[in-house]
Amino acid sequence: MDKNEVTISIIIPIYNVGEYLHRCLSSVACQTFKDYEVIMVNDGSTDKSCEIAESFTKHFVNFRLVHNTQKGVSYARNLGVSLARGEYIAFVDSDDYIDPNYLLRLYSAAKEYDADVAHCNYVLYNIDSGFLHSVRVRKPRKGIMTNIGMVRRTISDFFMRSYLWNKLWKRSLFTDNNIIFPDMKFEDIATVSKLLYFANKGIIIDQYLYYYTIRDGSIVQTVSLQNISDYILSFGMLRRFFTDRNELTNVTFPFIRLAQTMVCVNIVNLFRFHFRRRNFKGYLRNVNAATRNILYFYTKRFKKASNQEVKLPYKFIEPEDRSKKRK
């Protein structure tokens, strides 16, 4: 290996997470595996995040901080991948933290089984209640999976989830296949299954090594029409990808399950969105639009439009926000 290369590159997008960032970076700095670099991408933070990140660059030679104007997590991740020198890439969200053996366990498993991707179990940490919920990734007996096996389980969003952060990725999956994160929310849903498709195989280990923080203000917790649109759009982008490769017959049931899940999730999220605005005018029309968009991506009409941009054919109605009106 060239002296300018490292074994693992850790990519951490940063935006206004000063309250959590020191915990995150400290957990990264304490890894028992030592041959790694940390690429922190400051996405235009206006709080103390940049100051905290810079302090780590002064104390740890393998920590690197790069800056860009606020362009979103997808741009930050793409920038991190373009700068990475590692044979493998790990993604860590800046409000989460990892076990000291996170890199060691995943890398050892990947090398032992010659796998392009290694998965681990994770823990959901609710910042408000302090509640910890352990989540085990369901796996075959030996933990080894084919690429299509991983894709099927991930698209269905049941046995495995479309998360970047509980996995160690071979960097060549990005570079050799020109995989980039789209400029949208829920970019992981639109990207992870593509990466798994190009992998030679995967290994799942029965260890809880990643701690995901649930907090107000995160993308997952924020309900907006744009987020709902991007959520559905990720479905269409996946359908286009597997349609173009004539692989739909291998993932028929997973897409059915994902479509069913999205319909139910959107009904709930649209209710939350209208409730917060204290205005249910247009709620049923928005539910109808969301459902029709999902069905469109699943039908032959969408498949025949293979040369067209993936976009939502049915638009949402933006209700007036009555919650801000004075009583």
Side-chain angles (χ1 to χ4, degrees), residues 7-12 23-24 26-36 38 86-93 95-127 129-173 188-189 191-214 220 250-251 253-254 257-258 261:
T7 301
I8 300 174
S9 297
I10 302 178
I11 298 172
I12 307 177
R23 180 189 64 181
C24 171
S26 294
S27 71
V28 173
C30 292
Q31 290 298 293
T32 54
F33 185 89
K34 299 302 181 184
D35 187 20
Y36 68 96
V38 181
E87 179 186 6
Y88 291 87
I89 291 178
F91 295 91
V92 177
D93 287 354
D95 51 355
D96 300 338
Y97 59 102
I98 54 179
D99 185 272
N101 292 315
Y102 173 74
L103 294 182
L104 178 63
R105 301 303 186 201
L106 288 176
Y107 176 74
S108 298
K111 279 301 183 182
E112 180 180 354
Y113 295 96
D114 187 32
D116 285 347
V117 57
H119 313 237
C120 67
N121 300 328
Y122 56 94
V123 177
L124 301 178
Y125 170 54
N126 190 304
I127 197 72
S129 65
F131 179 73
L132 294 172
H133 174 62
S134 300
V135 180
R136 171 171 289 180
V137 179
R138 301 190 183 187
K139 66 181 185 66
R141 197 174 78 178
K142 293 184 178 180
I144 304 172
M145 299 194 66
T146 64
N147 63 333
I148 293 299
M150 292 187 292
V151 166
R152 288 175 57 85
R153 289 177 175 228
T154 302
I155 291 177
S156 65
D157 203 33
F158 181 63
F159 295 103
M160 293 167 58
R161 306 298 295 273
S162 296
Y163 297 141
L164 283 163
W165 34 256
N166 69 324
K167 303 171 181 68
L168 185 68
W169 304 91
K170 200 76 173 287
R171 179 162 64 96
S172 58
L173 292 174
D188 47 357
I189 294 178
T191 307
V192 166
S193 291
K194 298 178 184 179
L195 291 166
L196 295 175
Y197 175 77
F198 288 117
N200 63 346
K201 58 186 169 184
I203 178 67
I204 302 173
I205 60 176
D206 268 334
Q207 293 178 324
Y208 297 93
L209 303 174
Y210 193 100
Y211 292 80
Y212 177 83
T213 300
I214 300 173
V220 175
N250 289 323
V251 291
F253 178 76
R257 192 184 187 285
L258 179 59
T261 298

[X] [atom1] to [Y] [atom2] distance, which is reported to the nearest 0.5 Å:
X      : Y      : atom1 : atom2 : value
Glu87  : Asp35  : CD    : CG    : 10.0 Å
Asp96  : Ile12  : CG    : CD1   : 10.0 Å
Cys30  : Asp99  : SG    : CG    : 11.0 Å
Ser134 : Tyr125 : OG    : OH    : 14.0 Å
Ser193 : Asp188 : OG    : CG    : 10.0 Å

Does the pair Cys24 and Val92 meet the rule for a side-chain contact (heavy atoms from CB on, under 4.5 Å), with working shown?
CA-CA 8 Å; Cys24 171; Val92 177; 3.8 Å; yes

Considering residues at least two apart in sequence or located in another chain, which fulfil the side chain to side chain donor-acceptor pair (under 3.5 Å) criterion with [X]?
X      : value
Ser26  : His22
Tyr197 : Glu247
Arg23  : Thr213

So which heavy atom on [X] is nearest to which on [Y], and how close?
X      : Y      : answer
Gly86  : Ser9   : N-OG, 2.8 Å
Tyr102 : Gln31  : N-OE1, 3.4 Å
Tyr88  : Ala115 : OH-O, 3.8 Å

Measuring only between side-chain heavy atoms, which start at C-beta, is Ile214 closer than 4.5 Å to Phe131?
no

Check whether any side-chain heavy atom of Leu196 sits under 4.5 Å from a side-chain heavy atom of His119, and report yes or no.
yes

Results of side chain to side chain contact (heavy atoms under 4.5 Å, CB included) for [X] - residues two or more places apart only:
X      : answer
Tyr211 : Tyr97, Val123
Ser108 : Leu104
Arg153 : Arg138, Pro140, Met145, Phe159, Met160

Without swapping roles, check the side chain of Arg152 against the backbone of Asn250 for a donor-acceptor pair under 3.5 Å.
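Indeed, once roles are kept as given, a pair shorter than 3.5 Å links the two residues.
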
For residues 198-207, dump all side-chain donor-acceptor pairs below 3.5 Å to protein atoms at least two apart in sequence or in another chain.
unit_1: Asn200; atom_1: OD1; unit_2: Asp116; atom_2: N; d: 2.9
unit_1: Asn200; atom_1: ND2; unit_2: Asp114; atom_2: O; d: 2.8
unit_1: Lys201; atom_1: NZ; unit_2: Tyr113; atom_2: O; d: 2.9

With sequence neighbours left out, write down each residue that passes salt bridge (charged side-chain N to carboxylate O under 4.0 Å, His left out) with Asp93, or none if nothing qualifies.
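Salt bridge (charged side-chain N to carboxylate O under 4.0 Å, His left out) check on Asp93 returns Arg77.
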
Residues in salt bridge (charged side-chain N to carboxylate O under 4.0 Å, His left out) contact with Lys34, at least two apart in sequence or another chain
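Partners of Lys34 by the salt bridge (charged side-chain N to carboxylate O under 4.0 Å, His left out) criterion come out as none, since no residue qualifies.
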
ring-ring contact (aromatic ring centres under 6.0 Å, His included) partners of Phe33, counting only residues at least two apart
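ring-ring contact (aromatic ring centres under 6.0 Å, His included) check on Phe33 returns Tyr107.
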
Partners passing ring-ring contact (aromatic ring centres under 6.0 Å, His included) against Tyr208 (at least two apart in sequence or in another chain)
none

Applying side-chain contact (heavy atoms from CB on, under 4.5 Å) to Leu103 and Ile10, what does each step give before you reach the verdict?
CA-CA 9 Å; Leu103 294 182; Ile10 302 178; 3.6 Å; yes

For residues 161-169, which side-chain N or O atoms pair as donor and acceptor with protein atoms under 3.5 Å away, sequence neighbours left out?
unit_1: Arg161; atom_1: NE; unit_2: Asp157; atom_2: OD1; d: 2.6
unit_1: Asn166; atom_1: ND2; unit_2: Cys120; atom_2: O; d: 3.0
unit_1: Lys167; atom_1: NZ; unit_2: Arg161; atom_2: O; d: 3.3
unit_1: Lys167; atom_1: NZ; unit_2: Tyr163; atom_2: O; d: 2.5
unit_1: Trp169; atom_1: NE1; unit_2: Leu164; atom_2: O; d: 3.3

